[in-house]
Amino acid sequence: DALPILESVYDYRDPENTKSSYTICAYDTDFNRGEELDLIQTVKGDENNFYVNQLVCDGDDRLYVIADSKIYLIDADLKYQGVVDVGDTWIDQSGVGKDGKVYVSMYDQGGNSMTVRLVDFDKKALGEAHSGFISGNGNNLTSGLEGDFLVSDGIRVYDYSMADNKATEL
């Protein structure tokens with residue numbers, strides 16, 4: 001099995017020409033570098049507004065590059081498969097659920113409430129919006145105890161259930 005690692009380099013030596021590079025590299029168990037993917041070349045056209053917030057790996061070893069309001073989909077062989085654009089909002093948190101699938105939290109399109117949604121790799125789309133999600137303190141969605149996800153508002157911790165769209169304080 002390969003371990004994907006995101007290498008991020010920001011070159012600021014020339015203030016007139018700063019550059020960022022993002023490369024996903026696969027390392028084997030002996031830490032030998034194998035396949036790699038240049039994300040700046042992959043996102044041609046978006047490179048000026050491209051900033052990686054997180055790299056999430058699902059239960060099928062596929063990668064989700066979380067970048068502000070877009071999710072770039074990379075298969076287990078480090079081949080680009082498409083993008084999910086979440087529109088005029090940004091992705092607040094992301095993580096893997098108990099089912100091995102990737103989920104993201106974000107404000108709804110009206111900006112009124114936080115929702116959590118499945119990222120459907122095969123359809124290159126977001127799933128149903130589950131409301132009642134707590135605005136988190138951090139970038140990671142963590143698998144819940146009885147519910148689907150644990151989330152903290154910075155003071156308290158909640159166990160959130162997508163089935164009933166409810167956060168229960170622990």
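It should be emphasised that the depicted structure is a prediction, and the values quoted were computed from it without experimental measurement. Counting from 1, the numbers follow the sequence of the chain as shown.
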- Compare all side-chain heavy atoms of Leu73 with those of Val83 and state whether any distance is below 4.5 angstrom. no

Checklist entry - Less than 4.0 Å between a side-chain N and a carboxylate O, is that true for Lys79 and Asp77? => result no

If you count every heavy atom of other residues, nucleotides or ligands that lies below 6.0 Å from Glu146 atom CD, does the total exceed 12? no

message: I'd like to check Leu150 versus Leu145 (side-chain heavy atoms, cut-off strictly below 4.5 Å). Are they in contact?
response: yes

Between the CD1 atom in Ile5 and the SG atom in Cys25, the distance rounded to the nearest 0.5 Å is 7.5 Å

Value for OG (Ser152) from CD (Glu169), rounded to nearest 0.5 Å, stands at 10.0 Å

Do the two ring centres, one from Tyr160 and one from Phe133, sit under 6.0 Å apart? yes

Q.
For Asp122, is there an ion pair with Arg62 - N to carboxylate O distance below 4.0 angstrom?
A. yes

Heavy atoms, side chains only, cut-off 4.5 Å: are Glu128 and Leu118 in contact? no

Using a 4.5 Å cut-off on heavy atoms from C-beta on, say whether the side chain of Leu141 contacts that of Asp148. no

Describe, in one word, how the ring planes of Phe149 and Tyr103 are oriented to each other, choosing from parallel (under 30°), tilted (30 to 60°) and perpendicular (over 60°). perpendicular

What one should report as the nearest heavy-atom pair of Met106 and Val104 is CE-CG2, 3.2 Å

Note to self: Just by distance, no angles: are the side chains of Asp153 and Tyr158 close enough, under 3.5 Å, to form a donor-acceptor pair?
What the structure shows: yes

Heavy atoms of Asn53 and Ala67 approach each other most closely as ND2-C, 4.0 Å

Would you check if Phe121 and Tyr64 make a side-chain contact, meaning some heavy-atom pair closer than 4.5 Å? yes

* Report yes if some heavy atom in the side chain of Asn32 is under 4.5 Å from a heavy atom in the side chain of Tyr27; otherwise report no. => no

Between Gln93 and Val151, is any pair of side-chain heavy atoms under 4.5 Å apart?
-> yes

Tightest non-hydrogen contact, residues Asp85 and Ser69, listed as OD1-O, 3.4 Å

Please say whether more than 12 non-hydrogen atoms of neighbouring residues, nucleotides or ligands are located less than 6.0 Å from NZ in Lys123. no

side-chain contact (heavy atoms from CB on, under 4.5 Å) with Val65: of Ile71, Leu55, Val43, only one passes, and it is Leu55

When every non-hydrogen atom of Gly97 is compared with those of Ser143, the smallest separation belongs to C-OG, 3.8 Å

Rounded to the nearest 0.5 Å, the CZ atom of Arg117 sits from the CG atom of Leu126 at a distance of 4.5 Å

**Item:** Side chain proximity check, Val56 to Leu63, heavy atoms < 4.5 angstrom
**Value:** no

Exactly one of Asp159, Asn165, Asp164 clears side-chain hydrogen bond (donor to acceptor under 3.5 Å, both in side chains) with Ser161, and that residue is Asp164

Answer yes or no: is there a donor N or O on one side and an acceptor on the other, between the side chain of His130 and the main chain of Val116, under 3.5 Å? no

When every non-hydrogen atom of Val96 is compared with those of Asp58, the smallest separation belongs to CG2-CA, 4.4 Å

Could you list the donor-acceptor pairs under 3.5 angstrom formed between side-chain atoms of residues 35-42 and any protein atom two or more places apart in sequence or on another chain?
from	atom 1	to	atom 2	distance (Å)
Glu36	OE1	Arg33	NE	2.9
Glu36	OE1	Arg33	NH2	3.1
Asp38	OD1	Ile40	N	2.9
Asp38	OD1	Gln41	N	3.3
Thr42	OG1	Asp38	O	2.8

